[in-house]
Amino acid sequence: MSINRLPAKLFRANTFALAKALLGQYLVRQTGKNVLMGKIVETEAYYGPHDLASHASRGQTKRTKLMFDLPGLAYIYLIYGMYYCFNITTEKKDFPAAILIRAIEPIAGIKQMYKNRKITLAKYPKLNTQITNGPGKLCQAFKIDKKLNGENLIISKKLYLAKNPQGKIKPSQIVKAKRIGVDYAGKYKHKLWRYYLKNNQFISHK
DNA sequence: CCTGGGATTTTCT
DNA sequence: GAAAATCCCAGGA
């Protein structure tokens with residue numbers, strides 16, 4: 001299977017355009033000789049200094065400084081003391097924004113993903129729809145943790161994005177929805193800044 | 001189908 | 001000391 005990286009130029013797109021453009025593209029994780037790969041099927045945009053759902057709304061801190069950094073970097077943080085969330089930074093330096101990768105359709109290295117998640121086929125007998133359908137789950141499956149925080153996805157060999165060989169997703173296949181788990185965000189909780197592939201079995205929420 | 005609680009730790013007030 | 005861009009499990013309808 002040939003691997004064509006996403007062009008660096010794409011990461012300079014507007015956050016919302018990129019959140020949609022990432023749907024269908026492949027996430028590749030190389031750990032030693034293992035290659036894990038999956039198709040991105042759900043994303044969420046966190047945009048600007050006023051978005052109350054975004055960590056950046058409370059200013060630049062040690063944790064959030066990557067959100068203010070250049071586009072195309074991995075912003076990874078620990079949530080609820082147990083899970084990691086993987087984001088891709090967007091927009092110019094000093095404008096805080098990022099895209100949370102919420103769900104992936106496993107393509108290669110699926111056995112390893114089960115191992116990484118410490119679950120067995122007996123627990124999830126129905127296909128592989130349950131192993132990477134959430135931001136915390138996909139980080140576990142892909143061995144994404146704090147060590148990769150700040151990784152440059154445009155040049156990294158450990159973690160990067162590749163073109164879907166089957167081509168672009170049609171706009172009619174993209175569903176817009178409210179973001180998950182941001183009820184505290186005032187009027188921003190209603191923003192339709194979550195995107196997912198219509199009828200896909202691997203998304204985290206309808 | 002739904003609701004609620006527990007796990008667990010970093011970050012910021 | 002509280003909150004958190006989550007997940008899993010139990011229990012009720």
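As the structure is a computational prediction, the values presented were derived from the model and not from experiment. All values below were derived from every heavy atom in this structure, side-chain atoms included, with hydrogens, water molecules and symmetry-related copies excluded.
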**Asked** Taking only Watson-Crick and G-U wobble pairs with both distances under 3.5 Å, what dot-bracket line describes DNA chain B, where [ ] shows pairs that cross earlier ones and | shows pairs with another strand?
**Response** |||||||.||||.
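For A/Asn116 against A/Leu36, the heavy-atom pair with the smallest separation is ND2-CD1, 3.8 Å. Across A/His55 and A/Met67, no two heavy atoms sit closer than the pair CB-SD, 4.3 Å.
If you measure from atom CG of A/Asp145 to atom C1' of C/dT6, you get 16 Å, rounded to the nearest angstrom. Rounded to an integer number of Å, the gap from A/Asn133 CG to C/dC8 C1' is 12 Å. The CD-P distance, from A/Glu42 to C/dT6, rounds to 10 Å in whole Å. Atom P of nucleotide C/dC7 and atom CD of A/Gln130 are separated by 11 Å, given to the nearest angstrom.
Along DNA chain B, the nucleotide nearest to A/Lys146 and the one nearest to A/Tyr83 differ in position, and the one closer to the 5' end is contacted by A/Tyr83.
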All N/O contacts under 3.5 Å from nucleotides 2-4 of chain C to the protein, with atom names and distances to one decimal?
none

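Residues satisfying the side chain to side chain contact (heavy atoms under 4.5 Å, CB included) criterion with A/Glu151, sequence neighbours excluded, are A/Ala74, A/Leu148, A/Ser156, A/Lys158. Listed by chain and number, the residues in a side chain to side chain contact (heavy atoms under 4.5 Å, CB included) with A/Phe68 are A/Ala56, A/Gln60, A/Thr64, A/Pro96 (sequence neighbours excluded). Applying the side chain to side chain contact (heavy atoms under 4.5 Å, CB included) test to A/Asn149 and every residue at least two apart in sequence or in another chain returns A/Leu66, A/Tyr75, A/Ile76. Residues meeting the salt bridge (charged side-chain N to carboxylate O under 4.0 Å, His left out) test with A/Lys147, sequence neighbours left out: A/Asp145.
Counting any heavy atom pair closer than 4.0 Å across all strands shown, A/Arg102 reaches sugar-phosphate atoms only and no base atom. A/Lys189 comes within 4.0 angstrom of nothing in the nucleic acid, heavy atoms only.
Listed by first then second residue, pairs satisfying side chain to side chain donor-acceptor pair (under 3.5 Å) with a partner in residues 164-175 of chain A number zero, not counting sequence neighbours. Listed by first then second residue, pairs satisfying ring-ring contact (aromatic ring centres under 6.0 Å, His included) with a partner in residues 141-190 of chain A number zero, not counting sequence neighbours. Within the structure, every pair that satisfies the side chain to side chain donor-acceptor pair (under 3.5 Å) test and touches residues 84-94 of chain A, not counting sequence neighbours, is listed here: A/Thr15-A/Thr90, A/Thr15-A/Glu91.
Considering A/Val28, A/Ile144, A/Thr31, A/Asn152 in turn, A/Ile144 is the only one that fulfils the side-chain contact (heavy atoms from CB on, under 4.5 Å) rule with A/Leu159.
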**Request:** For the pair A/Leu197 and A/Lys39, evaluate side chain to side chain contact (heavy atoms under 4.5 Å, CB included) and give the outcome as yes or no after the intermediate values.
**Result:** CA-CA 11 Å; A/Leu197 292 180; A/Lys39 185 168 98 175; 4.0 Å; yes
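Side chain of A/Arg29 to main chain of A/Lys143: a donor-acceptor pair is present (N/O by atom type, distance under 3.5 Å, no hydrogens or angles).
Using a 4.0 Å cutoff to heavy atoms of chain A, the contacted part of DNA chain B runs 5' to 3' from B/dA7 to B/dC12.
Within residues 198-206 of chain A, no residue places a heavy atom under 4.0 Å from DNA chain B.
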Distance-only criterion, 3.5 Å: show the donor-acceptor pairs between side-chain atoms of residues 42-52 of chain A and protein atoms not counting sequence neighbours.
| residue | atom | partner | partner atom | Å |
| --- | --- | --- | --- | --- |
| A/Glu42 | OE1 | A/Ser204 | N | 2.6 |
| A/Glu42 | OE1 | A/Ser204 | OG | 3.0 |
| A/Glu42 | OE2 | A/Arg102 | NE | 3.0 |
| A/Glu42 | OE2 | A/Arg194 | NH1 | 2.8 |
| A/Glu42 | OE2 | A/Ser204 | OG | 2.8 |
| A/Thr43 | OG1 | A/Ala19 | O | 2.9 |
| A/Glu44 | OE1 | A/Tyr46 | OH | 2.6 |
| A/Glu44 | OE2 | A/Ile180 | N | 2.8 |
| A/Asp51 | OD1 | A/Ala53 | N | 3.0 |
| A/Asp51 | OD1 | A/Arg179 | NH2 | 3.0 |
| A/Asp51 | OD2 | A/Tyr47 | N | 3.2 |
| A/Asp51 | OD2 | A/Arg179 | NH1 | 2.8 |

